[in-house]
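All residue numbers in this chain count up from 1 along the given sequence. Note that the structure is predicted; figures quoted are calculated from it, not measured.
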Amino acid sequence: MWSNIPLFPEQASTIAGQIDGLFAFLVGVSLFFGGLICAVLVYCALRYRRRSEDERPLPIHGNLRLELLWTGVPLALAMVMFFWGANLYIANARPPANALEILAVGKQWMWKFQHPAGAREINELHVPLGHPVKITLASEDVIHSVYIPAFRVKMDAVPGRYTTVWFEATKTGTFHLFCAEYCGTSHAAMIGRVVVMTPSEYERWLSGGAAQESPVAAGERLFEQLGCPTCHRMDGTGRGPTLAGLFGQTQRLQTGETVVVDEAYVRESILLPNAKVATGYTPAMPTFQGQISEDGLFQIIAYIRSLSSDKRR
Ligand code: CUA
């Protein structure tokens, strides 16, 4: 639809057309009413101008029909915009369950990606065509923002927390990848590309690189190295809770509150172990703040998740 208009980047994801549709509607409504108001303004200025010094207009006491009209029409338009936008937002915020999970770390000034099978790349992301891809984002320093105009997706990478973005590519080819949040001197150089390949090409690309340790295997190694199994024993007899089968469960805390064991909770428990202590345990765990990189956290979380049947979350 927009391919002949150089203002718009190519549409290369399932959601791109829908985003552009909403955008066109918003621009259309704004242009229509902007034009209408200008036209009425000019018309009234000419039609009802003061023609003599002692001309006095008739006082106006209101017009119910007009009042209803100019309340009702904007309300209806605003509701259409709201529900249309909210619908798209929700669709865009919920990655499908079968999405390919890519881990991404932004740092000054590059993007690091890791595929579930272990392959790593920098400033370049290879993805299969026609398959949903979910990117979990972390930042090692300041706020960055991953932006792929052709897919109409953009998401901040915020230090200290995880954010996610997903898309499904509908065209093979190479697309721009930008950092869209000013992050320091070389922000403008923090660019890269997304290469969309057919699924078989993607498989070939994956197997073509040097064999790399998967995040789960790397996480297990790190888990051992840091001495975690001393307390978090598999059989549950350790000083800390066993992590087998824990991921995806609802955990009761000392305070009586509950928390779902997800990426964010595991991350917090590694860095700030005393923030949310599981019921029945003492806050005995030391913090690992500053000892594990964002990559390492991703890997340990991948490992802990692999201990649970709930592989997806
Ligand atoms: Cu990273 Cu701008």
| request: Applying salt bridge (Lys or Arg N to Asp or Glu O under 4.0 Å), name anything that partners K171, two or more places apart in sequence or on another chain. | output: E10
| task | Using a strict 4.0 Å threshold on nitrogen-to-oxygen distance, state whether E101 and R305 make a salt bridge. | result | yes
| task | Measure from NZ or CZ of R120 to the centre of the six-membered ring of F113 and say whether it is under 6.0 Å with the direction within 45° of the ring axis. | result | no
Extract all donor-acceptor atom pairs below 3.5 Å that involve side chains of residues 42-51 and protein atoms in other chains or at least two apart in sequence.
{"unit_1": "R49", "atom_1": "NH1", "unit_2": "L46", "atom_2": "O", "d": "2.8"}
{"unit_1": "R51", "atom_1": "NH2", "unit_2": "R47", "atom_2": "O", "d": "2.6"}

| Set of side-chain hydrogen bond (donor to acceptor under 3.5 Å, both in side chains) partners for N92, sequence neighbours left out | none
| request: Using atom types as modelled and distance alone, determine if a side-chain donor or acceptor of N63 lies under 3.5 Å from a backbone N or O of R65. | output: yes
| message | Among H131, H126, H115, which residue satisfies the ring-ring contact (aromatic ring centres under 6.0 Å, His included) criterion with Y202? | response | H115
| said: I'd like to know if the side chain of S293 pairs up with that of D295 as donor and acceptor (distance under 3.5 Å, no hydrogens or angles considered). | reply: no
| field | Atom pair CD/CZ of E294 and F298 - distance to nearest 0.5 Å | value | 7.0 Å
| message | Check whether W111 reaches the backbone of I122 with its side chain - one donor and one acceptor, N or O, closer than 3.5 Å. | response | no
| request: Would you name the heavy atoms of A138 and Y162 that are closest together and state the gap between them? | output: CB-CE2, 3.8 Å
| query | Does the ring center of H187 lie less than 6.0 Å from the ring center of F178? | reply | no
| task | Output, in order, the C-alpha distance, side-chain angles, deciding distance and verdict of side-chain contact (heavy atoms from CB on, under 4.5 Å) for F175 and V196. | result | CA-CA 8 Å; F175 303 99; V196 180; 3.6 Å; yes
| field | Expected output: side-chain T170 to main-chain A12 donor-acceptor under 3.5 Å | value | yes
| Between A157 and S139, which heavy-atom pair has the shortest distance, and what is it? | O-CB, 3.7 Å
| said: With a 4.5 Å cut-off on side-chain heavy-atom distances among I, L, V, M, F, W and Y, is there a chain of contacts connecting L88 to L26? | reply: yes
| query | Near H176 NE2, under 6.0 Å, is it more than 12 heavy atoms from other residues, nucleotides or ligands? | reply | no
| note | Here the pair of heavy atoms bringing C183 nearest to V142 is CB-CG2, 3.7 Å
| So, are K112 and E140 salt-bridged, with charged N and O less than 4.0 Å apart? | yes
